[in-house]
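Take a look at the structure below.
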There are 2 protein chains.
Amino acid sequence: MDEHRVPTIYDVATACGVAPSTVSRAFSRPGRVNAETAARIRRVAEEMGYRANPLARALPTGRTSLLALVVSDVTNPFYFEIIRGAELAANAADYTLLVADVYESAVVERKALERALPLVEGVVLGTSRMSDSAIRVMAQQRPTVVLNRVLTGIPSVITDNARGTRRAMEHLVSLEHRSIGYVAGPEASWADGMRWRAMREAADTLDVRVQRFGPVAPTLAGGTEAAAAVAGSAVTAAVAYNDLVAIGLMRGLTASGLRVPRDVSVVGFDDIFGAELCSPMLTTVAAPLTALGRYAVQTLLAGMASRTPPQVRPALLPAELVVRESTAVRARRRRRPEAAEDK
Amino acid sequence: MDEHRVPTIYDVATACGVAPSTVSRAFSRPGRVNAETAARIRRVAEEMGYRANPLARALPTGRTSLLALVVSDVTNPFYFEIIRGAELAANAADYTLLVADVYESAVVERKALERALPLVEGVVLGTSRMSDSAIRVMAQQRPTVVLNRVLTGIPSVITDNARGTRRAMEHLVSLEHRSIGYVAGPEASWADGMRWRAMREAADTLDVRVQRFGPVAPTLAGGTEAAAAVAGSAVTAAVAYNDLVAIGLMRGLTASGLRVPRDVSVVGFDDIFGAELCSPMLTTVAAPLTALGRYAVQTLLAGMASRTPPQVRPALLPAELVVRESTAVRARRRRRPEAAEDK
DNA sequence: CACGCCACGACAAGCGGTTGCCACGACTTG
DNA sequence: CAAGTCGTGGCAACCGCTTGTCGTGGCGTG
C-alpha cells in the first residue's frame, strides 16, 4: 500500500487476513462477525488510521449523514440560535448540518435546494419563501420539516405565539394600557397573521382596544416608518411584528419627541440578539430559538427513522414574555392631545 | 426503467442509443463528443429529468463541490456577514458551503473537522481555536485558508486593523482627546495583539498617551467589567477590543454616572450587527465582513485550482472607521477629579 | 453416526459516475 | 494507393463501501 494514500477496508482486510466485507461488517453490523475477529479488525484499523469514506458509504446506501437547514437570510439574527440548536441536535445524532442561505429569494431557495437535495437525507425549511405546493413537491423527495409555518401533512414546528401574544397583552393591561397598537409585518407572513389574530382575541377577553398599523417591512426602517402613525394615534402601547420593527419603532417614537416607555410602551417578538443591546432594553415575547432549531432536527430525524409519516399536528413550542425596560405603567396623560380616552 | 427511480446516465444512454461514457462526456467534457450528439444527449437528458448524482461523481474524482467554513461560534454576530460572503462566493463558483459551528472549543473543532474533512474539497478556518501545528497538520490534508490569523506558509486573509486603529486614533485626536484607553480582549487573540500594538504606534506618532485596561472576556459583560477601571482613570476616550466589549463598556460607564460620549468617547471594532442598535450608536472600526468571507473562499478556490501553493503573504482587507454617536469632542473637564491633564 | 442447523466469513454484484485506452472510419498526405 | 492522423464513440476498470447469497466447518440431536 502506497504510503501517501488513506487506508481503505481493503488495506485493513489484507492486514488482518480477512475479506473486505468482513471489515465492513465489523464496523457496521455488530454481532454479525465473531466478537474476537471484530475486535482484532478494529484494533488493526485503528493502528492503520483507517477512516470510513463517507462518500463511498453513501453511494450504495444513500446515507450521507447530512441534513440541510435552509434559512431565508443568515444575517438575520433571528436565525443564529436556531442554527445553533439545529447543529447541536444534528451533531448529537452524528449528522452534519448544511446551512443554506437563500437571501429572501424563492428562486435562490429553489436553486439551493436543487443543489443540496441529492446530498442530504432530510431538510429543515426555516421560514421558506416557496409556495405551499413547491414545498409539498420537495417534501416527497426528502423528509422535510418546516419551521414557523404550518402546512397540513408536513411536520412543522412553530412558536406558540398565541400564548405569547396573550402574555404580552396581559402585561400591558396590567400596566393600565387600554388602547394598544399592533405594527404589522409582511402580509405574506404566516406569523404576522397569527399574532394579529391573537391580539384581537386577547383584546376581546381583556376588554381593551387594539389598532393595527402598517404593514411595514420587517426591519428597523419599517419600524421607524410606522412611528409617525403610532405617535399620531391614541394608543399608549404598541406591539410590533418583531424585535427589529420594535426597535425601529422606539427610535422613530423617540425622534418624534415621545419617550419610551414613559409615553409609549413597546413590545417586540422573538428576543433576538440586539433586543437587550438597545436602550431602553426591549420587552419582548421570546421565541425559544435554540429549542426551535433543535426540535426541528429531532423531528426530522424521528421521521426519517420511522418509515411511517410522522405526526401531522404542528409542534408548538412555548414563547415567554421577557419584561425589560421598554414597557411601563401608562402615563396619566399622553403628551399629544389625541390621547382622548384618558379616563 | 422503474418509474419511481431517478434516471442515471445509463437510462439516458439507452434512450439515446449511445454508451454511458458518452453521456458522461457530453456533460463533463465539452468538445470531446460530437456537438450534435452532445446536444441530442442533453436534450433527452433534460426531458427525462436527469440530474447527475453528486455523490457518484465525487467518489472517483474527489470533487464533492463542498467547502467547509469553520466558525468558532455561529451565534457571534461577527460571523453573520462573513458566512454570507463566503456562501456567496462559494455558490458563484458552484460550490456548496458547509458551515460548522464549534462552540469556541478546540475539541469540538477537531471533531467537526474530522467529520467534515473527507467530504469537502477545502476549508476556511474562521478564528480557529486550534494550535498552529494542528492547523498545519490539517492544512496538508486539504487546501486551507485561515481568517483573522496569520500562519506562515498558509494563505490567510485578515483585516487591516493597523490602519483601522490609526484612523480611530486620528479621529479621537481630532476630537481633542489626548489620553486614550484600550480595553484589551483575550490575550490569546492574535487580533488583540495587533490592535494594541497599532494603538501604541499611533500614540507615538500622534503624540498622545495610551493606557491598557483588561484583558477582559470579549463579551458585553467583559466590557461592563472594565468600566470601573476606565472611569477611575484619566482617559477621556477608550477603544475597545470589539463592539461587544465597547457596548458593555458604554453601559458600565453610564451606570457609573458618566455620559457617553459627553464624558468619555468609546470606539469599538468590527461593526457587528448591533453597533447601531445601541445608544448612543457606536463609532467603530468596521471590518469588511462580507468581503472577508468572500475573499477567503475565493483565495481557497484559487489555491485549489492552481496546483502550486498560493501566495503566502496574508491578504489585508481594508478596515474603515464608521463615525456614529459614541465619540465627541473631549469635554473641557471630566466629572471626576482624576482628569488632571487638561491643558 | 448421519443429518441439519447455525455461525462465520468470503464472493461478487452493485451504487452512478469518470476516464484511460482502444477501435473504427474518414480524411489528409506523400 | 498506402500509411498516418484525427475525430468519435465504446469498453471496461476503477472509486470504496454495502449487502444478498453462498460455502464451510463445528456442533447438537435423534
Side-chain angles (χ1 to χ4, degrees), chain A residues 1-2 4-42 44-45 48-66 94 115 117-121 141, chain B residues 1-2 4-42 44-45 48-66 94 115 117-121 141:
Chain A
M1 162 191 154
D2 171 355
H4 283 294
R5 216 164 41 92
V6 19
T8 72
I9 47 169
Y10 291 89
D11 303 316
V12 177
T14 60
C16 286
V18 298
S21 52
T22 304
V23 177
S24 170
R25 284 195 259 256
F27 285 105
S28 52
R29 213 46 58 100
R32 178 61 175 77
V33 326
N34 184 295
E36 287 175 34
T37 321
R40 181 163 52 92
I41 291 175
R42 289 220 199 76
V44 173
M48 300 177 69
Y50 165 76
R51 324 246 59 158
N53 179 330
L55 252 51
R57 192 207 309 276
L59 188 49
T61 61
R63 295 201 325 264
T64 58
S65 296
L66 246 35
D94 250 294
R115 200 201 301 270
L117 220 52
L119 249 30
V120 304
E121 292 179 50
Q141 300 200 48
Chain B
M1 159 191 155
D2 170 358
H4 282 293
R5 217 165 40 92
V6 20
T8 72
I9 48 169
Y10 293 88
D11 303 316
V12 177
T14 59
C16 285
V18 298
S21 52
T22 305
V23 176
S24 171
R25 284 195 264 256
F27 285 106
S28 51
R29 218 39 63 99
R32 179 62 175 74
V33 327
N34 184 296
E36 287 174 32
T37 322
R40 182 163 52 93
I41 292 175
R42 289 220 199 77
V44 173
M48 301 177 68
Y50 166 75
R51 323 246 61 158
N53 179 331
L55 252 49
R57 193 206 310 274
L59 188 48
T61 60
R63 295 200 326 263
T64 58
S65 296
L66 244 36
D94 250 293
R115 201 199 301 270
L117 218 53
L119 286 174
V120 304
E121 292 180 50
Q141 300 200 48

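So that the names make sense, note that chain A is the first sequence line, chain B the second, and so on, each numbered from 1.
For the pair B:M48 CE and C:dG16 P, the interatomic distance rounds to 13 Å; values are reported in whole Å. In this structure, the CD1 atom of A:I41 is 13 Å from the P atom of D:dC17, given to the nearest Å. Here D:dC14 presents its C1' atom at 9 Å from CG of B:L59, a figure rounded to the nearest Å. Between the CG atom of A:N34 and the C1' atom of C:dA7 there is a distance of 9 Å, given to the nearest Å. At whole-Å resolution of the value, CG in A:N53 and C1' in C:dC15 are 13 Å apart.
Between the side chain of B:Y10 and the base of C:dG17, at least one donor-acceptor pair of N or O atoms lies under 3.5 Å. For B:R32 against D:dG9, a side-chain-to-base donor-acceptor contact under 3.5 Å is present.
Across the interface with DNA chain D, nearest-nucleotide mapping of A:R57 and B:A19 shows B:A19 to be the residue nearer the 5′ end.
At the phosphate of D:dT8, neither OP1 nor OP2 sits under 4.0 Å from any side-chain N or O atom of B:T37. Regarding contacts with the backbone of C:dA10, a side-chain N or O of A:T22 is found under 4.0 angstrom from either OP1 or OP2. An OP1 or OP2 oxygen of C:dT18 is reached within less than 4.0 angstrom by no side-chain nitrogen or oxygen of B:R29.
Under the 4.5 Å side-chain criterion, counting only non-hydrogen atoms from C-beta, B:L117 is not in contact with A:R51. Residues B:L119 and B:T64 have side chains not in contact (no heavy-atom distance under 4.5 Å, counting atoms from C-beta outward).
Across all strands shown, A:A58 has no heavy atoms under 4.0 Å from either base or sugar-phosphate atoms. As judged by a 4.0 angstrom heavy-atom cut-off over every strand, B:V18 is placed among residues touching the sugar-phosphate backbone only. Within 4.0 Å (heavy atoms only), B:S24 reaches at least one base atom of the nucleic acid. Within 4.0 Å (heavy atoms only), A:T61 reaches sugar-phosphate atoms of the nucleic acid but no base atom. Heavy atoms of B:R25 sit under 4.0 angstrom from at least one base atom. Across all strands, A:F27 comes closer than 4.0 Å to no nucleic acid atom at all (heavy-atom distances).
When the nucleotides D:dT18, C:dA10, C:dT19 are ranked by their closest atom to the side chain of A:I9, D:dT18 comes out on top. Closest contact between the side chain of A:P60 and the listed nucleotides C:dT19, C:dC8, D:dG16 involves D:dG16. Distances from the side chain of B:R63 to the nucleotides C:dG9, C:dG16, C:dT19 place C:dT19 closest. Of the candidates C:dA10, D:dG16, D:dT18, the closest approach to any side-chain atom of A:A56 belongs to D:dG16.
Nearest heavy-atom pair, A:S65 versus A:D94, reported as atom, atom and distance to 0.1 Å: CB-O, 3.9 Å. Closest heavy-atom contact between A:A52 and A:R57: CB-NH2, 3.3 Å. Nearest heavy-atom pair across B:V18 and B:I41 is CG2-CD1, 4.0 Å.
Remark: side-chain polar atoms of B:R29 are not paired, donor with acceptor, to backbone N or O of B:S24 under 3.5 angstrom.
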